[in-house]
Amino acid sequence: MSAVRDVIIIGSGPAGLTAAIYTARANLHPLVIEGEPSSTSDQPGGQLMLTTEVENYPGFVDGIMGPELMASFRGQAARFGAEYLTEKVTRVDFSQRPFKVWVRDDEYQARSIIVSTGARSLMLGLPRETELVGYGVSTCATCDGFFFRGHDIAVVGGGDSALEEALFLTKFAAKVTIVHRRGELRASKIMQERAFKNDKIEFLWDTVVTELLGETKLEGVRVRNLDTAEESQLPVTGLFVAIGHVPNTDVFKGQLDMEDNGYLITLGKSSRTNVPGVFACGDVQDHTYRQAITAAGSGCMAAIDAERWLESLGETENEIVETPRNW
Amino acid sequence: MAANIATLTDTTFDEEIKGSDQPVLVDFWAEWCGPCKMIAPVLEEIAEEQDGKLRIAKLNVDESLEIARRFEVMSIPTLILFKDGEPQLRLIGAKGKGQLLQELQAFL
């Protein structure tokens, strides 16, 4: 068993790494259990690791690549002494203090916990979808777009993520069909304008994908128009799904209060969960804004909340060198 | 990159794979793929730890698309394990070290 730490941060997207920067600068020596490599957004660095250009993160006039931005966050926290463990938390016990966190059989203890495990993209949930990942079904447009040069492909969804993927994929594909279950898009106006202007993008409105076709690799999808109930086939070799997100909270079930949809509940205008000393920030507790900048902001809140909590406990052995005023 | 990780290309692939007396795990990757970068250090560790039992090689799909096409790679990272020149196992998507070693267990 290792020594009891002041704070363990679980997750390493913009929220977790901002919390790491702040708690590290407050001499709380955070341990960031950052997750393990994956081709889904549930991985170190979070959802931005699968994106290309981020145009709306303040401070970057010409935009910045998602993975590069996250590498900077990570390096900045490391500079102030944050430690990283590239593993996924397998179990937690928040029922007594110090809190316990396990990575398989290895146990870690801390006086406070910041949960920032984020959210991952939903899949369609159709038969054989998982088997066809890597054979036409993709969880990462930036990884796989390259292989669809000259192909006809489909993107499912109507939000910013769907349009971003579709626009990115027009660099490679001959045609990108956006299949959306409604008659209008949820996406921001600027993304809508770009998509409508792009000659390679077509829309199938009020339509859902009902079946994946092809034996060893994707050869098409069956779609149904929700108004007319008419079914047809769309001959595509690639399918990219961007229909929403689900929070990464399975490991916290029975430990932290969550909404019916699995998002963690935070109290008032704070990052406090129902367990005193456990804080939550970023997309794991926010299905409304879901931006890198809002996640980063809430990560800062969680760090301040955790620091004040530790001060109120009087248990922290570390001298707090920063005062809130300096923040 | 660790010295014991070979770089394969369209022209060297066949010779290197067929000529190897150890199983070779080929990492199909590219510069623009975030998850590929994330598993690079994991593969370096495995290459070092399994030295003598398993060789690890990298193939950049941007530079060597012919080989990627031959094995119908449509997603990266894809890891294909070759033994006696033949593909034996295909792993798609980035994975952590524990999970990778588990998948490779039968060949070590």
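Proteins come first, then strands; the chains are lettered A, B, ... in the order of their sequence lines, and each starts at number 1. The basis for the numbers below is simple: all heavy atoms, side chains too, and nothing from hydrogens, waters or symmetry mates.
- More than 12 heavy atoms of other residues, nucleotides or ligands sit less than 6.0 Å from atom CG of A:Asp250.
- Around CD of A:Glu219, the count of heavy atoms belonging to other residues, nucleotides or ligands within 6.0 Å exceeds 12.
- In this structure, B:Val61 and A:Phe146 have side chains that are in contact, with non-hydrogen atoms separated by less than 4.5 Å.
- Taking chain A as the reference chain and counting heavy-atom pairs below 4.5 Å, the highest number among B:Val42, B:Leu65, B:Ile39, B:Val73 is found for B:Val73.
- Of the residues considered (A:Ser38, A:Ser138, A:Gly136), A:Ser38 shows the highest number of contacts with chain B, using heavy-atom pairs under 4.5 Å.
- The part of A:Lys217 that comes within reach of chain B is its side chain, from C-beta onward, which places non-hydrogen atoms under 4.5 angstrom from that chain.
- In this structure, A:Leu218 CG and B:Met74 CE are separated by 7.5 Å, a value rounded to the nearest 0.5 Å.
- Heavy-atom contacts from other residues, nucleotides or ligands closer than 6.0 Å to NZ of B:Lys97 number more than 12.
- Residue B:Leu100 does not touch chain A at all, counting heavy-atom pairs closer than 4.5 Å.
- Only the backbone of A:Thr237 comes within less than 4.5 Å of a heavy atom in chain B; its side chain stays farther off.
- Between B:Ser75 and A:Ser39 there is no side-chain heavy-atom pair separated by less than 4.5 Å.
- With a 4.5 Å cut-off on side-chain heavy atoms, A:Met49 and B:Pro35 do not count as touching.
- Between A:Asp144 and B:Ile76 the shortest heavy-atom distance is OD1-N, 3.1 Å.
- Side-chain contact check for A:Phe147 versus B:Arg69: every heavy-atom pair is 4.5 Å or farther apart.
- Heavy-atom contacts from other residues, nucleotides or ligands closer than 6.0 Å to CD of B:Glu72 number 12 or fewer.
- Of all the heavy atoms in B:Ile92 and A:Tyr135, the pair that sits closest is CD1-CE1, 3.4 Å.
- Side chains of A:Glu36 and B:Gln99 form a contact here, defined as non-hydrogen atoms less than 4.5 Å apart.
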